[in-house]
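One structure is given here, and the rest of the page talks about it.
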Amino acid sequence: MSSAKTLFAPTPFSALSDEERARRQDAVEWTLAAQRRQGYTHDSLIEDACQSFVAGQIDLAELGRRLNPAL
């Protein structure tokens, strides 16, 4: 098994660097803003999932599952 990190892999909150948290926050804000421009609205479940991702509590795959349970 490879020891390489995967993109946005889950990491304990305290282990996330400030740069990684900022990168995740920027990605979330950009995506939500793009969706708002298209007329989509967001509920608290989406906001909570995004903040869990930013905090390192979930990885990108889990974020996708929470945003689209059909995946």
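Predicted model only: the values in this text are computed from it and were never measured.
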4.5 Å side-chain heavy-atom contact, Gln51 and Gln25: yes
Minimal non-hydrogen separation, Val28 against Cys50, with atom names: CG1-CB, 3.5 Å
Closest contact, heavy atoms only, Leu67 versus Ala49: CD2-CB, 4.3 Å
Test item: Arg66 and Ile58 side chains (from C-beta on) under 4.5 Å apart, heavy atoms: yes
Closest contact, heavy atoms only, Glu62 versus Asp59: N-OD1, 2.8 Å
Check: Ala55 main-chain N/O paired with Arg24 side-chain donor or acceptor under 3.5 Å: no
Check: Arg21 side chain, Val54 main-chain N or O, donor-acceptor pair, under 3.5 Å: no
Any residue meeting side-chain contact (heavy atoms from CB on, under 4.5 Å) with Gln35, in chain and number order, not counting sequence neighbours: Thr31, Leu32, Tyr40, His42
Salt bridge (Lys or Arg N to Asp or Glu O under 4.0 Å) against Glu47, all qualifying residues, sequence neighbours excluded: Arg36
Ionic contact status for Asp26 with Arg23, cut-off 4.0 Å: no
